[in-house]
S.K.: 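Here it is: the structure, laid out below.
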Amino acid sequence: MTDLLTINDILGPDGLIAARLKSYEQRPQQIEMAEAVGQAIQKRQHLIIEAGTGVGKSFAYLVPAVLAATEPESEGLSSEPTRPKRIVISTHTISLQEQLMQKDIPLLNSVVPREFTAVLAKGRSNYLSLRRLASTGERAASLFTDDNEIDQLRDLRSWVRETGDGSKSDLMFDVLPVVWDEVSSDSSNCMGRNCPTYKDCFYYRARSRVEHAQIIVVNHALFFSDLALRRANVSILPDYDAVILDEAHTLESVAADHLGISVTSGQVRYILNRLFNDRTNKGLFVSGGHKQAQKETIECHIAADDFFDEVYQWYLAQTSKSGKGNNGRIRQAEVLRNHLTAVLGKLAVTTRRIASTIEDPTKRQDFTAAHNRLEVLADSVNTWNKQALSEMVYWVEGYQRGRSQPRVSLRAAPVDVGPTLREELFQQVPSVIMTSATLAVGNNQSFDFFRSRIGLTQSTAQQLGSPFDYEKQARLVLVKGMPDPQKQAEEFRRHMVEQIKRYVDQTDGHAFVLFTSYSMLRFAQQALTPWLADRQLALYSQGDGIPRSEMIRRFKENPFAVLLGTESFWHGVDVPGDALQNVIIPKLPFSVPDQPLLEARLERIEESGGNPFADYSLPSAVIRFRQGFGRLIRTQQDYGMVVVLDPRVYTRRYGRVFIDSLPTCQIIEESVQQSFE
Ligand code: SF4
């Protein structure tokens, strides 16, 4: 019986989930999606599947994944041979990962009559290293400067006796980064099988669970780090037969982040301080009395300060010039003088020499790890400055708070992630399934934009609408007569505040306002604060530095409130029920075209004969707009309005593409004048 288990047996109206969950509503779109995912895995095909909100897409991919992972082995004399497959499921947000690991997978495990193991794979640095904890304890006096750090180290020692998996998320306190970095598992500071605590090692136990699991849940960051490591024949994940990439609308940006270079001044200073900090007289080189190495570290500190200062001055000079392209982008190799690589390299050699004189392998390991890190840094700065990787865009980011040292990032990212994903993902993994509620653009609901951005040439595609009745549940309010946000920016801002008040009043809070920039968010926050206080409405603003999850928790608890959010609130936020009844979108979410990576992408499109606006800026803004709209209706009982204040949605021809990409709903046009009457 279990050999013949089908998707319908689990997801159907009389299926195993319906029998367990009284509130379970079976939806035809969910079965359709599950069938499509199952076929793609079996036929070793790539699949793009857009599933509207409410389809229940997590079960729609988990069920075929579980069936494929537990498929009985057969020789296939009369049909295709079968065998259990290993499936990776990757998500962008932690909230979705938690939903999969804490709710959906345990439920399937309890109702599906087949045994399967599913584990959450975390990055290595999430695990405590027993050996490093012991060796840090021995050197604590030479490593840490304040009592709090020493106290935390003691707390970690007690915790290690009780923890189940030794991972950071199991800790009951917020561990200081400087302490965790000394005790966490680190590939360059690991003795592997030669480690005296290898047998009890948390990281290797977790790794072994991952290696034996049939379903592995990861986040996109870990997934793309694994992909990048595979270039050097190293990997975090075992080989797999299929990957299901949920929240796939984020793929291009996550891939670009992980396939490029990022070296920050903070990273360099941090590593040097761990070796020797002459202000506190702490660091790795202190306990052994390595005077020469201490001297070289001081030289490195000075060289790093000089180098990052020069880079920052260059950045300030460049970005203060008016005109297009003055955005920190470096268009030629070796525009800046790099004297940092040589001194980092010299210190790496000294560190290796010290390591070679240490007999105790556990003590030697700290020096070997420091040597490796210094070499990687020296190499990355050199590669970045020489622009040694082709097809990349290179740039500098920087800022300075008060009189503190400037914070500088040296960045590089592939202009087009398509070729890399094609070679290293689509040609390597038999089945890549990409899903999201928003992948298509326009009234013909085309996936061409998504495909072209990720370099996917061969795949099947399917679109499944939402089961929600948007015509009854949602209103789209277009406010007519607003100033143009590009041509009359100041006037637009003033009117925007008045219109936000007008619509927040209508729903007595219960509102999100989704901005496209922090500057506009701060302007609105300042202007709205006294008005909201008068009305006893709470304000949760991303400008206040509160973590996103905390803002959402507070909003759900007290929805007589307005939440002001930018980028991360447009997607992945789930507020079902009455709490959220009003989503206000002041400006259409076009990205700023002078950001170096975006600028380079637009140039590339133009060079190859395309139209940067139509081929990139517009479709990516439409996808973000659809995401923002999607925050409103999360269940069949939800209702409310989405208010668009940007007049371009009806004054420009392209405005239609935004409207046509939304599910059919009531559209109401209101005049801006009404608010002042
Ligand atoms: S095996 Fe590596 S990660 Fe594990 S305890 Fe030893 S050094 Fe740490």
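Ligands are counted one by one from 1 in listed order, and the atoms in each one are counted from 1 as well. We number each residue from 1, following the sequence as shown. This one's a predicted model, so the numbers in the text were calculated from it and none came from an experiment.
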S.K.: What I'd like to find out is whether the side chain of E252 reaches to under 4.5 Å of the side chain of F450, using heavy atoms alone.
M.R.: no
S.K.: Is there side-chain contact between H571 and E247, with at least one heavy-atom pair below 4.5 Å?
M.R.: no
S.K.: May I ask you to list the protein N, O or S atoms found at less than 2.8 Å from atom 4 (Fe) of ligand 1?
M.R.: C201 SG
S.K.: Go through the side-chain N and O atoms of R373 and N189 and say whether any donor and acceptor fall under 3.5 Å apart.
M.R.: no
S.K.: Between L597 and P414, which heavy-atom pair has the shortest distance, and what is it?
M.R.: CD1-O, 3.7 Å
S.K.: Which pair of non-hydrogen atoms, one from A348 and one from H371, has the smallest distance, and what is that distance?
M.R.: O-CD2, 3.1 Å
S.K.: Return the NZ to CZ distance between K282 and F276, rounded to the nearest 0.5 Å.
M.R.: 11.5 Å
